[in-house]
Enquirer: 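Attaching a single structure in structure tokens format; questions to follow.
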Amino acid sequence: MPRSNTQKALVKADGISVHFHAGRSGFWGQNRLTVHAVENVSLEIFPGETLGLVGESGSGKTTAGRAILRRVPIVNGRIWFQGNDITEIKDEELRRLRRHMQLVFQDPYSSLNPRMRIIDIVAEPLLVHGIAKNKRDAVDQVADLLQLVGLPADAASRYPHAFSGGQRQRVGIARALALKPEFIVADEPVSALDVSIQAQIINLMQDLQQKLGLTYLFIAHDLTVVRHISHRIAIMYAGRIVEVADRNTIYENHIHPYTEALLSAVPLPDPKVQKQRKRIICVGEPPNPLKLPKGCVFQPRCSYATEKCKVEDPILVERTPKHLVACWNR
């Protein structure tokens with residue numbers, strides 16, 4: 001999505017880190033174990049755009065998204081929304097912020113309460129935030145939201161078990177839209193759906209973005225889906241951002257070795273081209289978040305690693321205009 005050089009970010013994360021306590025080790029429990037889920041992550045998301053956040057399982061994508069929404073505490077860094085520092089807000093101020101920043105969950109089966117009707121699920125945020133005084137006042141708003149996401153009006157009186165996975169995800173999107181947010185974190189919203197249904201949900205999200213002016217952080221591990229919906233893409237590995245660029249640059253002129261390996265695993269529809277492609281395999285396992293390697297976290301699996309990589313963590317810097325990379329050797 002084109003934007004002017006003076007346009008300000010809607011959402012900005014500057015050097016945020018998230019650590020989790022994981023118990024203690026040692027005979028007397030003297031060593032505190034800490035999971036480094038997210039480490040020094042910086043992102044900017046501009047109004048009306050979709051930033052795709054990509055990485056393998058356990059890379060910290062979901063934790064980073066929840067940290068930006070202020071749903072998990074950060075130990076370092078700052079978070080801004082609409083130019084305001086929201087890092088330390090709490091109580092009523094944080095509650096008011098929830099109206100502007102919402103989350104679409106990964107699993108449409110477990111994210112909806114099976115004992116609540118759809119009208120109650122979608123109306124709940126309206127009642128909690130005082131937009132509707134009671135359920136009767138929310139009926140028309142719920143009907144409009146269901147129509148907006150492509151569900152019939154009579155869906156309001158039914159329970160989640162009466163719907164398919166794609167329809168349940170539409171309910172989840174309607175619930176997220178109830179408060180008219182400007183920013184939505186979509187946490188792998190199509191990974192639990194069939195391929196044909198995935199396309200429908202992606203198209204729905206793009207239509208809603210155009211109609212409502214929404215801004216997305218789209219978290220996924222399916223690189224084909226990410227390329228289709230995203231304007232820019234950030235690649236994440238072991239809790240760190242290793243490369244950020246627009247989608248065409250990431251797929252055609254990527255620099256980081258991890259991005260190269262990740263994209264080589266994406267199957268192509270042409271069997272002849274697929275057969276001739278070079279498959280890049282990362283030797284070894286992802287690092288243990290309880291004990292990350294020194295220097296670059298990718299260096300134990302990288303064929304380009306040098307002695308500098310083993311002792312010094314690379315900084316995310318701009319290699320070409322709007323193309324950020326954290327690598328010493330590429």
Enquirer: Is there a side-chain contact between Arg175 and Phe105 in this structure, where contact means two heavy atoms from C-beta onward sitting under 4.5 Å apart?
Expert: yes

Enquirer: So do the side chains of Val190 and Met205 get within less than 4.5 Å of each other, counting heavy atoms only?
Expert: no

Enquirer: From Ile68 CD1 over to Thr63 OG1, what is the distance, rounded to the nearest 0.5 angstrom?
Expert: 11.0 Å

Enquirer: Restricting to non-hydrogen atoms, name the atom on Pro189 and the atom on Gln169 that form the minimum distance, rounded to 0.1 Å.
Expert: O-NE2, 2.7 Å

Enquirer: Assess, by modelled atom type and distance only, whether the side chains of His254 and Glu260 contain a donor and an acceptor separated by less than 3.5 Å.
Expert: no

Enquirer: Heavy-atom count check: over 12 atoms from other residues, nucleotides or ligands less than 6.0 Å from Gln147 CD?
Expert: no

Enquirer: Side-chain heavy atoms nearer than 4.5 Å, only ILVMFWY residues, links allowed to pass through others: does that put Ile233 and Phe298 together?
Expert: yes

Enquirer: Tell me whether Val128 shares a hydrophobic cluster with Leu112, the cluster being built from Ile, Leu, Val, Met, Phe, Trp, Tyr side chains joined at under 4.5 Å.
Expert: no

Enquirer: Counting distance only, does the side-chain N/O of His256 pair as donor-acceptor with the main-chain N or O of Tyr258 below 3.5 Å?
Expert: yes

Enquirer: Taking the basic N atoms (NZ, or NE/NH1/NH2) and the acidic carboxylate oxygens, is any pair closer than 4.0 Å for Asp85 and Arg78?
Expert: yes

Enquirer: Checking the side chain of Thr34 only, and the main-chain atoms of His21 only, is there a donor and an acceptor separated by less than 3.5 Å?
Expert: no

Enquirer: Does Leu262 reach the side chain of Tyr237, with side-chain heavy atoms less than 4.5 Å apart?
Expert: no

Enquirer: Between the side chain of Arg158 and the main-chain N/O of Phe163, is any donor-acceptor distance below 3.5 Å?
Expert: no

Enquirer: Measure from the side-chain N and O atoms of Asp194 to the backbone N and O of Ser196, and report whether any donor-acceptor pair falls under 3.5 Å.
Expert: no

Enquirer: Does any non-hydrogen side-chain atom of Arg71 lie less than 4.5 Å from one of Arg98?
Expert: yes

Enquirer: Could you give me the CA-CA distance, side-chain angles and deciding distance for Leu94 and Leu97, then say whether side chain to side chain contact (heavy atoms under 4.5 Å, CB included) is met?
Expert: CA-CA 5 Å; Leu94 181 58; Leu97 177 69; 4.0 Å; yes

Enquirer: Any side-chain to backbone donor/acceptor pair from Ser59 onto Glu56? Under 3.5 Å, distance only.
Expert: yes

Enquirer: Once you measure the plane-to-plane angle for Tyr159 and His161, does it fall in the parallel (<30°), tilted (30-60°) or perpendicular (>60°) bin?
Expert: parallel

Enquirer: If we only count heavy atoms from C-beta on, is the Leu217 to Phe183 side-chain gap below 4.5 Å?
Expert: yes

Enquirer: Is any side-chain heavy atom of Lys308 closer than 4.5 Å to a side-chain heavy atom of Asn329?
Expert: no

Enquirer: What is the minimum heavy-atom distance between Ala305 and Cys309, and which atoms define it?
Expert: CA-SG, 4.0 Å

Enquirer: Are Leu51 and Ile229 connected into the same hydrophobic cluster when the rule is that any two of I, L, V, M, F, W, Y join if their side-chain heavy atoms are below 4.5 Å apart?
Expert: no

Enquirer: Could you walk me through whether Leu145 and Leu151 pass the side chain to side chain contact (heavy atoms under 4.5 Å, CB included) test, one step at a time?
Expert: CA-CA 9 Å; Leu145 287 165; Leu151 290 173; over 6 Å; no

Enquirer: Looking at Trp328 and Glu312, would you say the former's side chain and the latter's main chain have a donor-acceptor pair under 3.5 Å?
Expert: yes

Enquirer: Which heavy atom of Ile202 sits nearest to which heavy atom of His228, and what is that distance?
Expert: CG2-CD2, 3.4 Å

Enquirer: Nearest heavy-atom pair of Pro257 and Cys327: which atoms, and what distance?
Expert: CD-SG, 3.9 Å

Enquirer: Evaluate the criterion side chain to side chain contact (heavy atoms under 4.5 Å, CB included) for residue pair Gln82 and Leu10; output intermediate values, then yes/no.
Expert: CA-CA 5 Å; Gln82 294 180 328; Leu10 177 71; 3.5 Å; yes

Enquirer: Do Val297 and Val242 share a hydrophobic cluster (ILVMFWY, side-chain heavy atoms under 4.5 Å, transitive)?
Expert: yes

Enquirer: Taking the side chain as C-beta and beyond, is there a heavy-atom pair between His231 and Phe46 under 4.5 Å?
Expert: no

Enquirer: Quick one: pull up CG in Leu316 and CG in Leu324 and give me the separation to the nearest 0.5 Å.
Expert: 4.5 Å

Enquirer: Okay, side chain of Asn203, backbone of Ala199: is any donor-acceptor separation there less than 3.5 Å?
Expert: yes

Enquirer: If you count the non-hydrogen atoms of other residues, nucleotides and ligands that lie under 6.0 Å from CD in Glu92, is the total more than 12?
Expert: yes

Enquirer: Nearest 0.5 Å please: distance from the OG1 atom of Thr87 over to the CD1 atom of Ile16.
Expert: 9.0 Å

Enquirer: I'd like to know if Glu252 and Arg227 make a salt bridge, using a cut-off of under 4.0 Å between side-chain N and carboxylate O.
Expert: yes

Enquirer: State, to 0.1 Å, how close Val226 and Ala220 come at their nearest heavy-atom pair, and which atoms those are.
Expert: CG2-CB, 3.6 Å

Enquirer: Working to the nearest 0.5 Å, report the span between CG of Leu204 and CD1 of Ile173.
Expert: 5.0 Å

Enquirer: Should Leu214 and Ile45 be counted in the same cluster of Ile, Leu, Val, Met, Phe, Trp and Tyr side chains packed under 4.5 Å apart?
Expert: no

Enquirer: Should Lys8 and Glu44 count as an ion pair when the cut-off is N to O under 4.0 Å?
Expert: no

Enquirer: Distance check, rounded to the nearest 0.5 Å: Ile197 atom CD1 versus Gln167 atom CD?
Expert: 8.5 Å

Enquirer: Would you say that Val38 contacts Val72 through its side chain, given a criterion of any heavy-atom pair below 4.5 Å between the two side chains?
Expert: no

Enquirer: Could you tell me the separation between the NZ atom of Lys322 and the CZ atom of Arg232, rounded to the nearest 0.5 Å?
Expert: 9.0 Å

Enquirer: Is there a side chain to side chain contact (heavy atoms under 4.5 Å, CB included) between Ile89 and Arg70? Walk through the geometry before answering.
Expert: CA-CA 9 Å; Ile89 65 171; Arg70 289 292 319 279; 3.5 Å; yes

Enquirer: Between Glu243 (side chain only) and Ile255 (backbone N and O only), is there a donor and an acceptor less than 3.5 Å apart?
Expert: yes

Enquirer: With distance as the sole test, does Lys12 use its side chain to make a donor-acceptor pair with the main-chain N or O of Trp80 at under 3.5 Å?
Expert: no

Enquirer: Salt bridge check, Glu93 against Arg96: does any charged N sit closer than 4.0 Å to a carboxylate O?
Expert: no

Enquirer: If you compare all heavy atoms of Arg240 against all heavy atoms of Asp313, which two are closest, and at what distance to 0.1 Å?
Expert: NE-OD2, 3.3 Å

Enquirer: Between Gln198 (side chain) and Leu193 (backbone), is there a donor-acceptor pair under 3.5 Å?
Expert: yes

